[in-house]
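Remarks on the structure that follows.
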Number of protein chains: 2
Amino acid sequence: MISSLSSPEIGRRLIASLRQKGYKLTAQRRYIIAILSRDLTHPGAMDILSRVRKKAPQVSLSTVYYTLDILKKEGLIKELEFYDRDNRYDVNIENHINLICRKCGRIEDFPGELPYSYTQVQQKTDFQPMAMRYEYYGYCKDCRRKRAG
Amino acid sequence: MISSLSSPEIGRRLIASLRQKGYKLTAQRRYIIAILSRDLTHPGAMDILSRVRKKAPQVSLSTVYYTLDILKKEGLIKELEFYDRDNRYDVNIENHINLICRKCGRIEDFPGELPYSYTQVQQKTDFQPMAMRYEYYGYCKDCRRKRAG
DNA sequence: TTCCGTGCAAACCCTTTGCAAGAGT
DNA sequence: ACTCTTGCAAAGGGTTTGCACGGAA
C-alpha cells in the first residue's frame, strides 16, 4: 500500500518515474516533489510555490502547475478539484474518503472502506465509473475546539 | 421522501416556501422554479437561463444566480460545485450519490445507500461533518453506446 | 546543440458584486 | 410608497495559455 511508504521513499519513486519517462529533472521539480512527498495534508499550488520559493525565490507559478500537470498525467499524484478554493494535490493516489475542514481548509484522510466498487456501480446502473470522490465537509478537531472556546 | 413528489408538487412547494418566507414571486422566479422542478438532471445556471429566455428573453444571468442563491440559502435546493464546469442545481436536497458523465455532463442519481453517517464519521475521527458529496465520474449509458459504435 | 522547461503576463470562464432602474406587496 | 429584485457591466480568483529565453541531456 502506497500510504505505508515513507516520505523519502515516495519522493524517490516520483523522481525515478519521471526520469524513466524521459522528463528533465530540474531543481524546481525536485523541490516540488520533495514538498508533495513530505506534506500529506494535500497542499495547493500556491502553498507549494511559497515553500519552493524559500529555496528558490524566482520560481514561478506556471512552473508549479506545469510540474503538477506532468505528475497528474503520469498518474503519480491525484488532484482534488474545488470551485471555490484552490485545487489540492495528493501523492496518495488510491481512492479514499477525504475530510475537508471548512474553516482552516485542512484535508485529512478518513480511515474507512469505500462502498460500491466501480463494478458494483456499473452492474446496478449501466453507468461506467472511471473515478470517484467521497468527501465530508465540516470542522476538524482543532477548529471545533476554537469554535467552542 | 422528497424524490417521490411529482414536478408540479415540487414546484408548488418551492413557491409556497418562498411566499411564506416573504420573498417576492416575480415571473422570473416562477420560471426558474418550474425548470428546476421539472428537470431532475441537475441543470446549471446557463442551462436555466437559456430556457427561461424562451419565455422571457430579457432575463439576465444575475437574476438566475440571485434566485438560486435564495433557494440555496433557504435550503430548498442543493448546489453541486465544480471547478472545471458550471455548478449544478438539484431540488433533491437529500444526501445521495451522483453519477457524472464526463462526455455529456449529465448527472444522475445512484440508487444506493450511503455509508458512514455524520455520527459514525465523528465517532471514528473527531471530525464533525456538516455536508458530504459522493460522486462517480465516468460514462453514462448513452455515451458508452456512442463510444462503442 | 536541441528541445524541453521556465518565467512573465495576459487570457479564460464562471461566479460574484455594484449600482441605478423597475416591479411586487 | 418602500423595499426587494432585476439587468447591465465590471470585478474577482484560481487555472490555463502564448511566447521567448534559458538550461538539462
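Throughout, protein chains are lettered first and strands after them, A, B, ... in sequence-line order, and every chain is numbered starting at 1.
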Exercise for the section: Taking all non-hydrogen atoms of both residues into account, name the closest pair between A:Ser60 and A:Arg53 and its distance. Expected result: CA-NH2, 3.9 Å
Problem - Sugar-phosphate only, base, or nothing, as touched by A:Asp84 at under 4.0 Å among non-hydrogen atoms - result: nothing
Exercise for the section: Assign A:Phe82 to base, sugar-phosphate, or nothing according to its heavy-atom contacts below 4.0 angstrom with the strands shown. Expected result: nothing
Practice task
Could you tell me whether the side chain of B:Tyr116 and the main chain of A:Glu113 form a donor-acceptor pair under 3.5 Å?
Solution key: yes
Handout entry: Interatomic distance, A:Ile70 CD1 vs C:dC3 C1' [rounded to whole Å]
Key = 13 Å
Fill in the blank from the handout: To the nearest angstrom, the CG-P distance between A:Asp86 and D:dG14 comes to 7 Å
Problem - Sugar-phosphate, base or nothing in reach of B:Arg85, heavy atoms under 4.0 Å - result: nothing
Handout entry: Test salt bridge (charged side-chain N to carboxylate O under 4.0 Å, His left out) applied to B:Arg102 - qualifying residues, sequence neighbours left out
Key = none
Practice task
Taking atom CD of A:Gln58 as the centre, report whether more than 12 heavy atoms of other residues, nucleotides or ligands fall under 6.0 Å from it.
Solution key: yes
Practice task
Please determine, by modelled atom types, if A:His42 and A:Asp109 share a side-chain donor-acceptor pair under 3.5 angstrom.
Solution key: yes
Handout entry: Within residues 47-63 of chain B: residues closer than 4.0 Å to DNA chain D (heavy atoms)
Key = B:Gln58, B:Val59, B:Ser60, B:Ser62, B:Thr63
Practice task
Answer yes or no: does a side-chain N or O of B:Gln28 lie under 4.0 Å from OP1 or OP2 of D:dG7?
Solution key: yes
Handout entry: Cation-pi geometry met for A:Arg133 and A:Phe82 (6.0 Å, 45°)
Key = yes
Problem - B:Lys73 NZ - D:dC4 C1' separation (whole Å) - result: 11 Å
Practice task
Check for a donor-acceptor pair, side chain of A:Arg144 on one end and backbone N or O of A:Gly138 on the other, with a separation under 3.5 Å.
Solution key: no
Exercise for the section: Using a cut-off of strictly less than 4.0 Å between a heavy atom of the residue and any atom of DNA chain D, enumerate the qualifying residues of residues 14-26 of chain A by number. Expected result: A:Lys24, A:Leu25
Practice task
Taking the side chain as every heavy atom from C-beta outward, state whether A:Asn92 and A:Lys78 have any atom pair closer than 4.5 Å.
Solution key: no
Problem - Length of the CZ-P vector between A:Arg29 and C:dC4, whole Å - result: 11 Å
